[in-house]
Amino acid sequence: MAGLRVFWTTASLAMLLAGCGQGEGAKAANAEPPVPVLVSAVREAPEAANVIAYGTVRSDKEGALSFKIGGLIKSLKVDTGDRVKKGQILAELDQREIDAEASRASVQVEKARRDLDRIAPLLEKGFVSRQRVQDAKSNYDMAVADRQTVEFNRSLATITAPADGVVLQRHSDVNEIVAAGAPVLTVSQGSTGYILKAGLSDRDVARLALGSRARVMLDAFPGVTLDGVLRRISATSDEKTGTFEVEIALQNVPQGAESGFMGEARIAAKPVPGRTNVAIPASAILEGHGGTATVYRLDPATSTAELVRVTVAGVDGDDVLISDGLAPGAEVVSAGAPYLRDGAKVKIVTDLAPEAAGPEPRS
């Protein structure tokens, strides 16, 4: 019995000591100083409904120039970026073959003329029929028409600039054989207007309408915003990229802009039904996986940080767009999150530098 009493006394003492230890630990946890953090307000992001497109500035009026007949390119007198004047010779075919065709056509005309001249007087003497004379006249007329066709084709064996402009693209090179009608040069045709051409996915195109306003920024002119209007949406997608080409007519284009400049356009579009996006700083994101991420949301009633999972809708500059998990007006921890755990007390500061000697990041 004495041994049993000693056992229960020892056990009771151990339980008492353990209880005291737990109580002191809880008090110590509650006594932990709040973690200094920076917070940012969750704001509405109506601009998130915009469709963002990246494209190239082109002349408002341009054309692909080609030869009417196929052949061997003898000379190309311009290159991409060169300025040209109306009537300037840009490219020529080797005309030896077409010269031979022209000579043959001239011989055929001369032969048909001699045949006609020989038999026409015989009609009056009754030595030939009227039909034979008419056939000879038809042969002569066809030979003349063939010669005119060859001469016309020969005149188009040279490409000349239709207007003052700039060579936008060179598709071929000297000594290359090109087919009839194949583009050789793409040249702007004197218009002072510019457009931005870009490719968009079917999901973005479905949210756009002709006439939509756009804000365009060119890489060559940082800080300058151009106005634009969506004027064309391709009816079919590109076979190689699967994107739909759109054209945005640009306004107030700065002096010095040229075809080939790169730019970004934000096109006003209809918002996605049932989805209101908000924006938070990218620094507030703790970790992301696919379309979701985690952030610390501030509970102002208890001054604690609550770990919440959000749905990411996209990125807009230094902001991350959130479609679910946060409401406008809430506050999220934008700096100091590595030192937090779910439910931790926080102290809102405006500068973390004085707190640099604070607690170590929590594991």
**Item:** Results of side-chain hydrogen bond (donor to acceptor under 3.5 Å, both in side chains) for Ser172 - residues two or more places apart only
**Value:** none

**Prompt:** How about Arg132: does its CZ atom have over 12 heavy atoms from other parts shown lying under 6.0 Å from it?
**Reply:** no

**Request:** Run the numbers on Arg231 and Asp60 for salt bridge (charged side-chain N to carboxylate O under 4.0 Å, His left out), then give the verdict.
**Result:** CA-CA 11 Å; Arg231 75 173 192 183; Asp60 186 26; 2.6 Å; yes

**Item:** Distance (rounded to the nearest 0.5 Å) between Glu92 CD and Ile73 CD1
**Value:** 11.5 Å

**Request:** Just jot down the side-chain hydrogen bond (donor to acceptor under 3.5 Å, both in side chains) partners of Arg118, sequence neighbours excluded, or say none.
**Result:** Asp115

**Message:** Could you check whether any side-chain N or O of Tyr296 sits under 3.5 Å from a backbone N or O of Leu340, counting only pairs where one atom can act as donor and the other as acceptor?
**Reply:** yes

**From CZ (Arg207) to CG (Leu200), nearest 0.5 Å** = 10.5 Å

**Request:** Return yes if some donor-acceptor pair links the side-chain N/O of Arg147 with the main-chain N/O of Ala102 below 3.5 Å, else return no.
**Result:** no

**Complete:** One should read off an interatomic distance between Ile119 CD1 and Gln134 CD, to the nearest 0.5 angstrom, of 10.5 Å

**Message:** Would Glu306 and Arg297 count as a salt bridge (charged side-chain N to carboxylate O under 4.0 Å, His left out) here? Give the steps.
**Reply:** CA-CA 5 Å; Glu306 177 187 6; Arg297 179 177 57 194; 3.1 Å; yes

**Request:** Return yes if some donor-acceptor pair links the side-chain N/O of Asn139 with the main-chain N/O of Ala112 below 3.5 Å, else return no.
**Result:** no

**Item:** Salt-bridge contact Arg154-Asp99 (side-chain N to carboxylate O under 4.0 Å)
**Value:** yes

**Message:** Go through it in stages, so that I can follow the logic: the residues are Asp141 and Ser138, the test is side chain to side chain donor-acceptor pair (under 3.5 Å), and I'd like the CA-CA distance, side-chain angles, deciding distance and then a yes or no.
**Reply:** CA-CA 5 Å; Asp141 291 341; Ser138 297; 5.5 Å; no

**Val57 with Val229, same ILVMFWY side-chain cluster at under 4.5 Å** = no

**Asked** Are the side chain of Ser283 and the backbone N or O of Ser334 linked by a donor-acceptor pair below 3.5 Å?
**Response** yes

**Request:** Report yes or no: does Ser59 contribute a side-chain atom to a donor-acceptor pair with the main-chain N or O of Lys61 at less than 3.5 Å?
**Result:** yes

**Message:** Let me check something: do Val166 and Met262 share a hydrophobic cluster, defined by ILVMFWY side-chain heavy atoms less than 4.5 Å apart, either directly or through other members?
**Reply:** no

